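Since the structure comes first, as structure tokens, the remarks are kept for the end.
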Amino acid sequence: LQGNLKDSIEQIVIVGDGELEFGNSLGGKFKALKSIVATDGAIVRFGGGSFEKCPLLKEVSCYIEEVRGGAFADSGMTEITIANPGGTVSIGRAFAFGSTEANLTNVKFDAANVILYDDCFYNTPITELVNPSGELTFAVSDGQSYYGPFGTIDINETLRKISAKDGVNINAALGQRTWGQLKNLETVENIKALCENALSYCPNLKNVTFMQGANITEIPASSFNG
């Protein structure tokens with residue numbers, strides 16, 4: 001899609017119940033695009049940069065399996081529900097990149113497992129990461145260092161709560177002293193797995209619970225340091 005046609009599209013409607021992937025770097029700049037909607041339960045994957053630079057895009061209403069880096073960077077989105085009921089969702093640095101700041105303030109999850117990779121909510125003022133339908137997993141991409149869910153920002157002052165009905169798997173440290181310090185994180189509920197330094201340097205962390213039956217046999221080194 002190029003030129004005037006690309007500039008004039010206001011809505012993308014996905015019809016059918018199969019799978020659809022928007023490829024990497026579609027070029028962005030769908031200047032008039034306001035919504036992406038699936039009508040029949042299609043499972044959608046968004047490639048890296050697929051809908052970047054869409055200033056009017058505020059609604060994405062579909063089942064989502066994957067969102068790669070920059071997919072919605074520089075969009076007008078302030079909230080999103082990322083749902084794949086009974087399935088898995090993986091999220092990369094989807095909403096901001098470089099020095100850009102995202103407008104996203106509210107994200108809701110509905111999936112059996114939501115996997116959050118490096119910098120997934122970089123430069124976003126998210127206040128809660130909660131999956132009421134399943135597990136929440138913090139993970140490291142292959143060959144990458146993990147800079148926490150908010151990237152290389154020295155201090156994040158917005159996140160208050162992390163929770164998941166079926167357990168929070170912290171397989172990548174969230175609060176490293178030299179990056180991504182979660183200054184105002186207060187509550188982590190239903191921890192199912194911990195790595196070293198998992199919640200270090202979170203100075204306002206006061207309330208922590210572990211998942212019943214999680215079979216945690218060890219609290220790793222420096223899990224709550226600082």
Side-chain angles (χ1 to χ4, degrees), residues 43 45 63-68 79-95 104-122 124-142 144-151 156 158-177 179-226:
I43 304 295
R45 294 183 292 274
Y63 293 150
I64 298 173
E65 187 174 70
E66 182 177 19
V67 189
R68 298 184 194 141
E79 60 181 11
I80 186 172
T81 297
I82 299 178
N84 187 11
T88 297
V89 174
S90 62
I91 306 172
R93 188 196 286 192
F95 301 95
L104 191 72
T105 57
N106 184 23
V107 59
K108 296 180 181 179
F109 299 122
D110 178 8
N113 193 8
V114 176
I115 304 175
L116 304 180
Y117 287 101
D118 330 277
D119 310 347
C120 53
F121 293 109
Y122 174 81
T124 61
I126 298 294
T127 59
E128 293 188 352
L129 293 173
V130 175
N131 182 13
S133 304
E135 297 185 22
L136 190 63
T137 299
F138 296 89
V140 184
S141 302
D142 291 342
Q144 298 294 318
S145 296
Y146 191 81
Y147 294 102
F150 296 95
N156 171 274
T158 62
L159 187 68
R160 299 291 194 277
K161 180 180 180 180
I162 296 172
S163 180
K165 179 177 73 73
D166 295 328
V168 176
N169 302 299
I170 305 177
N171 299 328
L174 303 187
Q176 299 283 344
R177 179 173 57 178
W179 62 71
Q181 182 186 21
L182 304 180
K183 183 176 180 181
N184 289 310
L185 178 65
E186 296 175 354
T187 301
V188 182
E189 295 179 336
N190 292 335
I191 292 174
K192 193 173 184 180
L194 280 173
C195 65
E196 289 191 8
N197 298 299
L199 290 161
S200 59
Y201 302 102
C202 298
N204 284 301
L205 182 61
K206 298 178 178 67
N207 307 300
V208 173
T209 63
F210 289 84
M211 185 75 187
Q212 185 173 359
N215 195 33
I216 293 175
T217 58
E218 178 185 8
I219 305 298
S222 300
S223 293
F224 303 102
N225 186 29

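A quick note: this is a predicted structure, and the numbers were derived from the prediction, not measured.
Heavy atoms only, all atoms of each residue included: A83 and V89 are closest at C-CG2, 4.5 Å. In this structure, A139 and I115 approach most closely via the heavy-atom pair CB-CG2, 3.8 Å. Closest approach of C195 and A173 over heavy atoms only: SG-N, 3.5 Å. The two atoms that bring P149 and L174 nearest to each other are CD-CD2, 3.9 Å, heavy atoms only. Between L185 and C202, the shortest heavy-atom distance links the atoms CD2-SG, 4.2 Å. Taking each heavy atom of R93 and D119 in turn, the nearest pair found is NH2-OD2, 2.6 Å.
Going from atom NZ of K183 over to atom OG1 of T158 covers 12.0 Å, rounded to the nearest 0.5 Å. Atom CG of residue N215 and atom CE of residue M211 lie 12.5 Å apart, to the nearest 0.5 angstrom. To the nearest 0.5 Å, atom CG of residue L116 and atom CG of residue N169 are 11.0 Å apart. Going from atom CG of N225 over to atom CD of E196 covers 11.5 Å, rounded to the nearest 0.5 Å. Distance CD/E186 to CG/N207: 7.5 Å, rounded to 0.5 Å. Between atom CD of residue E218 and atom CG of residue L194 there is a gap of 10.0 Å, rounded to the nearest 0.5 Å.
Residues in residues 108-118 take part in these side-chain hydrogen bond (donor to acceptor under 3.5 Å, both in side chains) pairs, two or more places apart or across chains: D110-S133, N113-T137, D118-S141.
Checked against side chain to side chain donor-acceptor pair (under 3.5 Å), E189 has the following partners two or more places apart in sequence or in another chain: S163. For T127, the side chain to side chain donor-acceptor pair (under 3.5 Å) criterion is met by no residue, not counting sequence neighbours.
Taking 4.5 Å as the limit, some side-chain heavy atom of V107 sits within range of a side-chain heavy atom of I80. At least one side-chain heavy atom of L136 sits less than 4.5 Å from a side-chain heavy atom of I162. Side chains of F109 and L129 form a contact here, defined as non-hydrogen atoms less than 4.5 Å apart. A 4.5 Å side-chain heavy-atom check between I191 and L199 finds at least one atom pair inside the cut-off.
No donor-acceptor pair closer than 3.5 Å links the side chain of N184 to the backbone N or O of R160. For S90 (side chain) and E66 (main-chain N/O), no donor-acceptor pair under 3.5 Å exists by modelled atom type. Formation of a donor-acceptor pair under 3.5 Å by the N131 side chain with backbone atoms of A111 is found in this model.
Salt bridge annotation for K161-E128: absent, with no cationic side-chain nitrogen under 4.0 angstrom from a carboxylate oxygen.
Relative orientation of the F95 and F121 rings is parallel, given thresholds of 30° and 60° on the angle between their planes.
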